[in-house]
Protein chains: 2
Amino acid sequence: MRKAHHPATEDVALPEIMGALSDPLRIGLVRVLADGGERGWGELRVPVAKSTLSHHVRVLRDAGVIRTRQEGTRCFVRLRREDLELRFPGLIEAVLAAAHTDGVGNGIGLVPGA
Amino acid sequence: MRKAHHPATEDVALPEIMGALSDPLRIGLVRVLADGGERGWGELRVPVAKSTLSHHVRVLRDAGVIRTRQEGTRCFVRLRREDLELRFPGLIEAVLAAAHTDGVGNGIGLVPGA
DNA sequence: TTCGATGTTCGTTGAACATCGAACAAGCTA
DNA sequence: TAGCTTGTTCGATGTTCAACGAACATCGAA
């Protein structure tokens, strides 16, 4: 578990953000984190192998969409909402609204007892 | 020049839109069309081969971002702004604003005498 | 009808991506 | 220390994507 790299707010780039949000699974993850709360990696319920989830989390992190935090062996995830709002006003809100009305990422959620 | 397929407004999907707008060249094209006007294919000045431009135009069209119209051998392009606004309110505006402040797609423009 | 202009399509190539299982690293816990 | 838990990384596979030049199709003009 090497220390993860998070781009600075000013280094977040639009094409990368758009690319990161072009996958239904990743959109679903962002929706799960939309309330601003921090979630445990293990809480995330996703219909793919854990290595695949790790990959998607990394894509979102590298693009600057989410932030991950290590605590012991556990990993916590949260949406970089303020940063994104500063950088690209209205964008994340519009995407979340669109995803909601369209049901994109509905298959993604939290484990039952979370 | 087979007749091009344009998705109906209700069939436009968020991930496809996001994917279509994840490429700087395509973002640049959208910016060129942002004033709502119709532009001739040949007016577009893009630093790629025409076959590559054709590819990008097709990606945008298939995603529902732009509409193309045939007139003789010429092709005219315009942004489907109203449709997008109906489908995903605020999204295209936010992307255009972000692209503008970031200078994404600045290399794309119109031929000098257009 | 022949020629030129305008895009589209084809075939190819190298890069990027999504996915999986296996192996690994790091930190708790017994 | 030994073992368990939690994610990450690796290696492999198949798919998609951006890019190019060449060939093609279509229409207007000569």
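Just so it is clear: chains get the letters A, B, ... in the order the sequence lines come, proteins before strands, and each one is counted from 1.
- The hydrophobic cluster containing A/V59 does not contain A/V95, counting ILVMFWY residues as joined when their side-chain heavy atoms lie under 4.5 angstrom apart, directly or transitively.
- When the P atom of D/dA25 is taken as reference, atom CH2 of B/W41 falls 18 Å away, rounded to whole Å.
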| Full working for salt bridge (Lys or Arg N to Asp or Glu O under 4.0 Å) between A/E38 and A/R69 | CA-CA 9 Å; A/E38 191 173 57; A/R69 180 175 66 84; 2.7 Å; yes
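- One can place CZ of B/R69 at 16 Å from P of C/dT6, the figure rounded to the nearest angstrom.
- Taking a 6.0 Å sphere around CZ of A/R45, one finds it holds more than 12 heavy atoms contributed by other residues, nucleotides or ligands.
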| task | Give the dot-bracket string for DNA chain D, reading 5' to 3', where a pair is Watson-Crick or G-U wobble with both distances under 3.5 Å, ( ) marks pairs inside the strand, [ ] marks pairs crossing earlier ones, | marks a partner on another strand, and . marks unpaired. | result | ||||||||||||||||||||||||||||||
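- Looking at heavy atoms from C-beta onward, B/P24 lies in side-chain contact with A/P15 at the 4.5 angstrom threshold.
- For B/R31, the salt bridge (Lys or Arg N to Asp or Glu O under 4.0 Å) criterion is met by no residue, not counting sequence neighbours.
- A side-chain donor from one of B/R61 and B/T68 sits under 3.5 Å from a side-chain acceptor of the other.
- Looking at B/R80 and B/E82, no side-chain N of the basic residue comes within less than 4.0 Å of a carboxylate O on the acidic one, giving no salt bridge.
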Are there any protein N/O atoms within less than 3.5 Å of an N/O atom in nucleotides 15-20 of chain D, and if so, which ones and at what distance?
{"from": "D/dA18", "atom 1": "OP1", "to": "B/R26", "atom 2": "NH1", "distance (Å)": "2.9"}
{"from": "D/dA18", "atom 1": "OP1", "to": "B/R26", "atom 2": "NH2", "distance (Å)": "2.8"}
{"from": "D/dA18", "atom 1": "OP2", "to": "B/H55", "atom 2": "NE2", "distance (Å)": "2.7"}
{"from": "D/dA19", "atom 1": "OP2", "to": "B/H56", "atom 2": "NE2", "distance (Å)": "2.3"}
{"from": "D/dC20", "atom 1": "OP2", "to": "B/A49", "atom 2": "N", "distance (Å)": "2.8"}
{"from": "D/dC20", "atom 1": "OP2", "to": "B/T52", "atom 2": "OG1", "distance (Å)": "2.8"}

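- One can place CG of A/L60 at 16 Å from C1' of D/dT8, the figure rounded to the nearest angstrom.
- The side chain of B/R74 lies closest to C/dG7, out of D/dT8, D/dT26, C/dG7.
- When rounded to the nearest whole Å, the span between CD of B/E71 and P of D/dG28 equals 9 Å.
- Straight-line distance from the CD atom of A/Q70 to the C1' atom of D/dG7: 7 Å, rounded to whole Å.
- Residue A/L21 contributes atom CG, which lies 14 Å from atom P of C/dC17 at whole-angstrom precision.
- Out of D/dT6, C/dT8, D/dT26, the shortest distance to the side chain of B/T73 is found at D/dT26.
- The separation between A/H5 atom NE2 and D/dT8 atom C1' is 17 Å, rounded to whole Å.
- The distance between atom CZ of B/F76 and atom C1' of C/dA5, rounded to the nearest whole Å, is 13 Å.
- For the pairing with A/L60, the side-chain contact (heavy atoms from CB on, under 4.5 Å) check across A/V77, A/L79, A/I27, A/V65 returns one residue only, A/V65.
- Between B/D83 and B/R87 there is no salt bridge, since no side-chain N of the basic residue sits under 4.0 Å from a carboxylate O of the acidic one.
- Between C/dG7, D/dG7, C/dT9, one nucleotide has an atom nearer to the side chain of B/R58 than all others, and that is C/dT9.
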